[in-house]
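Everything numeric here is computed off the predicted structure, so don't read it as measured data.
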Amino acid sequence: MARRGSAEQDVLNMIMNAGENGVLQSEIWKVTSADSREGSRAILRLEKKKLIERRKELFDGRWTYRILVKRKIPKIDTIVTIPCAFCDLENRCSQSGLISPAKCDKLTIWLKNLAITIT
Ligand code: SF4
């Protein structure tokens, strides 16, 4: 049996990769390491965390759920403007240093603007 977090991550990755149309719940078991029982539990946990949404759908005469990711997926063009890419301080910046991402105003402002554009 896969670890709980692992099944959740696998399922979430699959749903995110499916794009805006989402994926039928029955398709998830075919491409993830989760079996239907552990996958169903992972989906319920992801829904409880408000990361995904389930919509009831009739498919091939049977009721199932279409699973959609609730957050928009960032694309590469949303991060090409990251200030770190063109920062003069980049070679002196580290997690534990005097100059760090946690204390950086440029990065904070950029992240806030990114959050506004993708929500
Ligand atoms: S976190 Fe700030 S200081 Fe560090 S590299 Fe990025 S922009 Fe530069």
Side-chain angles (χ1 to χ4, degrees):
M1 176 191 275
R3 284 183 17 249
R4 179 175 157 169
S6 169
E8 271 183 57
Q9 190 65 56
D10 283 355
V11 169
L12 184 58
N13 286 342
M14 198 269 181
I15 297 165
M16 289 178 77
N17 289 335
E20 292 179 10
N21 293 328
V23 62
L24 291 174
Q25 186 163 322
S26 56
E27 295 297 311
I28 293 173
W29 324 140
K30 295 176 186 171
V31 292
T32 66
S33 60
D35 61 33
S36 61
R37 184 172 171 211
E38 101 188 271
S40 294
R41 290 180 180 168
I43 285 174
L44 291 175
R45 287 192 297 269
L46 290 168
E47 187 178 35
K48 197 172 178 183
K49 292 176 183 175
K50 302 188 186 314
L51 294 172
I52 62 167
E53 174 184 352
R54 293 189 309 155
R55 289 189 193 152
K56 204 168 184 179
E57 181 174 314
L58 192 60
F59 181 77
D60 276 349
R62 300 183 72 174
W63 285 105
T64 184
Y65 286 98
R66 181 165 296 278
I67 314 294
L68 302 124
V69 68
K70 287 189 89 172
R71 291 188 170 183
K72 289 183 185 171
I73 302 162
K75 297 192 172 130
I76 191 68
D77 57 344
T78 61
I79 61 167
V80 292
T81 58
I82 188 168
C84 305
F86 308 102
C87 178
D88 294 337
L89 302 173
E90 189 270 337
N91 61 348
R92 294 168 38 208
C93 183
S94 68
Q95 285 292 345
S96 57
L98 286 175
I99 301 168
S100 78
K103 301 175 206 164
C104 179
D105 290 341
K106 286 189 289 188
L107 186 60
T108 301
I109 291 166
W110 181 81
L111 285 168
K112 284 180 179 174
N113 288 334
L114 179 64
I116 291 167
T117 60
I118 64 172
T119 53

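Legend: residues meeting side-chain contact (heavy atoms from CB on, under 4.5 Å) with R62, ordered by chain and number and at least two apart, are absent. The side-chain contact (heavy atoms from CB on, under 4.5 Å) test applied to K103 returns S100, not counting sequence neighbours. Looking at residues two or more places apart in sequence or on another chain, you find a side-chain contact (heavy atoms from CB on, under 4.5 Å) between K56 and W63, Y65.
When all heavy atoms of R45 and E8 are compared, the pair lying nearest together is NE-OE2, 2.5 Å. Heavy-atom minimum distance, K70 versus K50: CD-O, 3.4 Å. A pairwise comparison of heavy atoms in C84 and L107 identifies SG-CD1, 4.1 Å as the closest pair.
Note: I52 CD1 to M16 CE = 12.0 Å, rounded to the nearest 0.5 Å. Within the model, atoms CD1 of I99 and CD of E90 stand 11.0 Å from one another, a figure rounded to the nearest 0.5 Å.
The hydrophobic cluster containing L24 does not contain V11, counting ILVMFWY residues as joined when their side-chain heavy atoms lie under 4.5 angstrom apart, directly or transitively. The hydrophobic clustering, which links ILVMFWY residues whose side-chain heavy atoms are closer than 4.5 Å, places V23 and L51 together. One hydrophobic cluster holds both L114 and I82 under the rule that ILVMFWY side chains link at heavy-atom gaps under 4.5 Å.
In N91, the CG atom is crowded: over 12 heavy atoms of neighbouring residues, nucleotides or ligands sit closer than 6.0 Å. Shown here is L98, whose CG atom has no more than 12 heavy atoms of other residues, nucleotides or ligands within 6.0 Å.
Residues C93 and P101 meet the side-chain proximity criterion, which asks for heavy atoms closer than 4.5 Å.
Ion pairing between a basic and an acidic side chain is recognised when a charged N comes within 4.0 Å of a carboxylate O; E27 and K30 show such pairing. Salt bridge annotation for K49-E47: absent, with no cationic side-chain nitrogen under 4.0 angstrom from a carboxylate oxygen.
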Walk me through it: do R66 and R54 pass the test side-chain contact (heavy atoms from CB on, under 4.5 Å)? CA-CA 6 Å; R66 181 165 296 278; R54 293 189 309 155; over 6 Å; no
Determine, stepwise, if the pair E57 / R55 fulfils salt bridge (charged side-chain N to carboxylate O under 4.0 Å, His left out). CA-CA 6 Å; E57 181 174 314; R55 289 189 193 152; over 6 Å; no
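Among L68, D10, I28, the single residue meeting the side-chain contact (heavy atoms from CB on, under 4.5 Å) criterion with I15 is I28.
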